[in-house]
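Some notes on the structure that comes next.
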There are 2 protein chains.
Amino acid sequence: MLGYALLGLLARGDRSGYDLTQGLKDPVGYFWHAQHSQVYPELARLEGAGLVTHSVVEQAERPDKKVYRQTDAGRAALRAWLTADTEVPRKRDELVLKAYSMWQTEPARAADMLRAHARAHAAHLAEFERRLAEVTLRAGTELHDPRSPWFGIQAVLRRGIGYEREYRDWCEWLAGALDGAGQALSPTTP
Amino acid sequence: MLGYALLGLLARGDRSGYDLTQGLKDPVGYFWHAQHSQVYPELARLEGAGLVTHSVVEQAERPDKKVYRQTDAGRAALRAWLTADTEVPRKRDELVLKAYSMWQTEPARAADMLRAHARAHAAHLAEFERRLAEVTLRAGTELHDPRSPWFGIQAVLRRGIGYEREYRDWCEWLAGALDGAGQALSPTTP
DNA sequence: ATCATCATGTAAGGGGTTACATGATTTA
DNA sequence: TAAATCATGTAACCCCTTACATGATGAT
């Protein structure tokens, strides 16, 4: 899985392990991230499988680096994965798990916590919207061309925007529901 | 983490390991699931930590079962977790990762795949909406009481509804964007 | 002086999935 | 007759996170 993430980044151009790790932050990393300690061994595995090759680039005033390039086999592997069936992912979300048990705790405190999360998601949302505006300017007409790499960036950003907006709204709704009944109807207050 | 999921279920009543595994499907399991092979050892760990106890219930025509009950320490642990800080989770979603590289593949084929996913999410959405309607009837006025267990069920269902709706819409938007430019580049925005 | 960035690795450990193992009863 | 449900466990493996390790340059 991580291998395909790396191949997807390398399809956009050659990169070092360090750059790939950075690339797994922004923006695709919001939906697939990894640490460098996972990236370096995975690159070695991909090279062993003949999907990438590397060349050492010597740098003055910076450490030398290994720049990886996708092979034809690598491109083929990426395309095969793209058209293969995709499982609907099973999620794990600690906050929703907490929401399930929130009736066990003080509503006011839970509401504060949810509002803090609402703010965090609103911040992510604003960031993604800013990025989409930026990308829209830079991509020009290519934005709507499904064969342009900008198209993929746009797709991920729009998913991020929708996700964050929904999450923010849910947090705000739940916070409101919690303090809505805080003083009004609570016959079971300790 | 799994331990808190189990404690959250046990806060609603005593259950066996088998029942807990089932409970981790429906509806909270949509945001936190586990296999029985993970549940049984975790229950042993919780018992070792004094957070739950069990008693063996003999059954005719069914295998004997161990019914677990939360201790006072278990309830306290659950509440401490509920009020503790929650990290904003880092997601992994294979379909979004594929979307990032979809410019590398045939737009028509990718669009078909996305429409299949849109249908799957629409089905989940319908199921959650059906459940929420059912819960609304059964819970009555307790639905709006933040101290009722129904409140937690409602919160999870509403998150599921929002999540699935957003995911479905994104799939449909992306599918449209992909085949929109299949023959000519027509401007398609959601 | 200390921290962040660039740059690449290894090792230990935790959480989770899949498979192995057993066995009765009910339903299709 | 085959499958699903109830019921509880163990073992192997994979993926991922955290920490260990090294070392130069530039910024605060």
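Because only heavy atoms are used, hydrogens play no part in the values below, and waters and symmetry mates are left out as well, while side chains stay in. Labels below follow one simple rule: chain letters A, B, ... track the order of the sequence lines, proteins then strands, and each chain is numbered from 1.
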Between A/Y30 and A/E164, does any side-chain donor sit less than 3.5 Å from a side-chain acceptor?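 Present: a donor and an acceptor within the cut-off.
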Pair B/W81-A/E94, side-chain donor/acceptor within less than 3.5 Å: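 Yes, side-chain donor-acceptor contact under 3.5 Å.
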Kindly indicate whether a cation-pi arrangement holds for B/R92 with A/W32, taking the cut-offs as under 6.0 Å to the six-membered ring centre and within 45° of the axis.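 Positive - B/R92 is close enough to the ring of A/W32 and near enough to its axis.
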May I ask you to establish whether B/R12 and A/Y100 are in a cation-pi arrangement, using a distance under 6.0 Å from NZ or CZ to the six-membered ring centre and at most 45° from the ring axis?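 So B/R12 does make the cation-pi contact.
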Which atom pair, heavy atoms only, marks the closest approach of B/L82 to A/K98?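 Closest heavy-atom pair between B/L82 and A/K98: CD2-O, 3.4 Å.
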Output one line per pair: protein atom, nucleotide atom from nucleotides 2-6 of chain C, and distance, for all N/O pairs under 3.5 Å.
residue	atom	partner	partner atom	Å
C/dC6	OP2	A/Y18	OH	2.7

Of A/M1 and B/Y68, the one whose closest DNA chain D nucleotide lies more 5':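 Result of the comparison: B/Y68.
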Nearest 0.5 angstrom please: [X] [atom1] to [Y] [atom2], how far?
X: A/R115; Y: A/M113; atom1: CZ; atom2: CE; value: 13.5 Å
X: B/L10; Y: B/R69; atom1: CG; atom2: CZ; value: 10.5 Å
X: A/I153; Y: B/W103; atom1: CD1; atom2: CH2; value: 9.5 Å
X: B/R75; Y: B/Q70; atom1: CZ; atom2: CD; value: 5.0 Å

Taking DNA chain C as the partner, which of residues 88-100 of chain A come within under 4.0 angstrom of it by heavy atom?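 Contacting residues: A/R92.
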Using heavy atoms and a sub-4.0 Å distance, could you list which residues of residues 35-49 of chain B are near DNA chain C? By number, please.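 Close to the strand are B/Q35, B/S37, B/Q38.
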Kindly write out the residues that satisfy ring pair (Phe, Tyr, Trp, His ring centres under 6.0 Å) with A/Y163, not counting sequence neighbours, or none if the list is empty.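 With neighbours one apart ignored, the set is A/Y167.
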Hey, where on DNA chain D does chain B first and last touch, going 5' to 3'? Cut-off is any atom under 4.0 Å from a heavy atom.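 That gives a stretch of D/dT5 to D/dT17.
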Mind checking if A/H54 touches a base, just sugar-phosphate, or nothing, with heavy atoms under 4.0 Å?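 The answer is nothing, as A/H54 stays clear of every strand by at least 4.0 Å.
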Using side-chain heavy atoms (C-beta onward) and a distance below 4.5 Å, is A/V135 in contact with A/W150?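 They are in side-chain contact.
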Suppose we screen for salt bridge (Lys or Arg N to Asp or Glu O under 4.0 Å). Which residues come up paired with A/E42, at least two apart in sequence or across chains?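 With neighbours one apart ignored, the set is A/R45.
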Around B/R109, counting heavy atoms of other residues, nucleotides and ligands shown, do more than 12 lie under 6.0 Å from its CZ?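 Open: at most 12 neighbouring heavy atoms sit under 6.0 Å from CZ of B/R109.
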